[in-house]
Amino acid sequence: MSLPRLQVIVGSTRPGRAGGPVAEWFAGYARDHGGFEVEVVDLAELDLPMYDEPNHPATGNYVNEHTRRWSALASRAQAYVMVTPEYNNGYPAVLKNAIDYLNREWRYKPVGFVSYGGVSAGTRAVGQLRQVLTTVKMFPIPDAVHIPFVGQSIRDGRFEAGEAAVGGAKAMLDELLLIVDRLIPLQLPAAGGENR
Ligand SMILES: Cc1cc2nc3c(=O)[nH]c(=O)nc-3n(C[C@H](O)[C@H](O)[C@H](O)COP(=O)(O)O)c2cc1C
């Protein structure tokens with residue numbers, strides 16, 4: 001039986017970003033966890049323009065090729081982990097843009113977070129993400145990885161995870177797997193009512 005697919009979405013695109021090493025560490029840890037087929041989705045590579053669809057995404061009526069490509073890519077995951085820094089008390093605009101493009105693709109799927117920043121460890125960014133993602137009917141889970149002063153844990157381009165990060169990653173992956181195992185057999189509809 002094939003494993004459920006987990007997409008690790010890299011939510012920052014800044015040259016020299018910490019998001020690269022952090023996502024690389026988490027994706028490696030998730031592969032070793034063994035519960036998922038892990039796929040990294042790098043928003044820098046996806047390179048979406050600022051939202052430019054004429055129709056509400058809940059219609060699934062996409063006119064742009066980049067949206068259809070993003071829709072097909074996101075659709076094939078059963079769970080997600082968003083790797084996000086904190087920018088000005090929130091999460092990066094590029095991540096909001098990528099979320100807003102889609103709607104039905106996200107529905108009824110669990111999502112966890114790996115956040116990082118300064119003293120707040122990206123927790124304020126995650127608070128905002130949880131609020132937004134429930135609007136597209138995702139299930140944000142409480143278990144998460146929060147990394148304070150991320151720059152201090154990156155050496156030679158590699159993120160060196162401490163005990164708290166490893167513990168958080170294990171709890172989050174276990175929980176995502178539990179939810180995926182219980183939700184998929186329910187065969188929830190891909191499309192519910194409109195949500196504005
Ligand atoms: C525009 C901007 C705003 C930032 N605002 C915050 C903030 O509000 N809280 C925080 O803890 N760190 C903040 N930082 C520091 C970032 O969390 C840190 O630089 C992190 O490495 C950024 O992620 P990235 O390297 O993946 O782009 C900010 C950084 C940038 C570039």
Side-chain angles (χ1 to χ4, degrees), residues 5-33 36 38-52 66 69-70 73-74 77 79-102 106 109-136 138 140-173 176:
R5 189 185 298 262
L6 171 77
Q7 285 182 348
V8 178
I9 299 177
V10 190
S12 72
T13 54
R14 190 179 63 84
R17 63 190 169 172
V22 171
E24 200 179 319
W25 160 73
F26 179 75
Y29 185 88
R31 287 190 182 105
D32 292 346
H33 175 272
F36 293 96
V38 177
E39 180 173 52
V40 175
V41 174
D42 187 344
L43 297 185
E45 284 172 20
L46 199 62
D47 200 21
L48 289 166
M50 283 304 275
Y51 186 67
D52 63 352
H66 54 256
R69 218 177 317 120
W70 177 215
L73 177 61
Y80 306 87
V81 168
M82 295 184 177
V83 178
T84 183
E86 186 165 296
Y87 283 178
N88 297 323
N89 242 305
Y91 58 97
V94 70
L95 183 52
K96 179 71 160 63
N97 190 48
I99 293 165
D100 288 344
Y101 259 100
L102 308 180
W106 303 125
K109 294 180 184 171
V111 54
F113 306 96
V114 174
S115 75
Y116 54 92
V119 68
S120 66
T123 51
R124 296 174 292 202
V126 170
Q128 291 191 358
L129 275 167
R130 287 203 168 103
Q131 183 188 353
V132 165
L133 293 173
T134 56
T135 309
V136 291
M138 288 185 103
I141 66 165
D143 306 277
V145 177
H146 299 300
I147 304 160
F149 304 112
V150 66
Q152 295 175 11
S153 301
I154 296 177
R155 270 174 279 279
D156 299 326
R158 288 179 65 82
F159 173 69
E160 295 176 2
E163 227 175 275
V166 171
K170 178 171 176 9
M172 180 166 63
L173 289 163
L176 287 171

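Ligands are counted one by one from 1 in listed order, and the atoms in each one are counted from 1 as well. For the single chain, residues carry numbers from 1 onward in sequence order. Computed over heavy atoms, backbone and side chain alike; hydrogens, waters and symmetry mates excluded.
- Within a 4.0 Å radius of atom 18 (C) of ligand 1, the protein contributes no non-hydrogen atoms.
- The nearest protein atom to atom 31 (C) of ligand 1, hydrogens excluded, is given as Y87 CE2, 3.9 Å; this is a heavy-atom distance.
- Protein heavy atoms are found inside the 4.0 Å sphere centred on atom 21 (O) of ligand 1.
- Here the shortest heavy-atom distance to atom 4 (C) of ligand 1, taken over T123, N88, T84, belongs to N88.
- Residue, atom and distance of the protein heavy atom nearest to atom 24 (P) of ligand 1 are A18 N, 3.5 Å.
- In this structure, Q7 contributes its side chain and L73 its backbone to a donor-acceptor pair below 3.5 Å.
- The closest donor-acceptor contact from the side chain of W25 to the backbone of R158 lies at 3.5 Å or more, if one exists at all.
- Once rounded to the nearest 0.5 Å, the distance linking OG1 of T134 with CH2 of W106 reads 14.0 Å.
- For Y101 (side chain) and L48 (main-chain N/O), no donor-acceptor pair under 3.5 Å exists by modelled atom type.
- The proximity of N89 to ligand 1, defined as any non-hydrogen pair under 4.0 Å, is limited to the backbone.
- Between the side chain of R5 and the backbone N or O of V38, no donor-acceptor pair lies under 3.5 Å.
- Looking at R14, E86, R17 and measuring to atom 15 (C) of ligand 1, the nearest heavy atom belongs to E86.
- In this structure, a donor-acceptor pair under 3.5 Å is absent between the side chains of H146 and T123.
- Listed by number with element, the atoms of ligand 1 under 4.0 Å from a non-hydrogen atom of P85 are 22 (C), 23 (O).
- Where the criterion is an N or O separation shorter than 3.5 Å, residue side chain and backbone included, G19 meets it with respect to ligand 1.
- Backbone and side-chain nitrogen or oxygen atoms of G16 are examined, and none is located within less than 3.5 angstrom of a nitrogen or oxygen of ligand 1.
- For ligand 1, none of its N or O atoms has an N or O atom of G117 under 3.5 Å away.
- For ligand 1, the atoms sitting less than 4.0 Å from at least one non-hydrogen atom of R124 are 9 (N), numbered in the order shown with element in parentheses.
- Of the possible polar contacts, one joining the K109 side chain to the A77 backbone as a donor-acceptor pair under 3.5 Å is found.
- The contact set between ligand 1 and G118, taken as ligand atoms under 4.0 Å from a residue heavy atom, comprises 10 (C), 11 (O), 12 (N).
- Close contacts of ligand 1 with S12, meaning ligand atoms under 4.0 Å from a residue heavy atom, involve 24 (P), 26 (O), 27 (O).
- A distance-only check finds no donor-acceptor pair linking the side chain of R124 to the backbone of N89 [under 3.5 Å].
- Between R17 and D42 a salt bridge is recorded (basic side-chain N to carboxylate O distance below 4.0 Å).
- Which parts of ligand 1 touch S120 is read off a 4.0 Å heavy-atom cut-off, strictly below it: atoms 11 (O).
- Side-chain N or O atoms of Y116 include one that pairs as donor or acceptor with a backbone N or O of G19 at under 3.5 Å.
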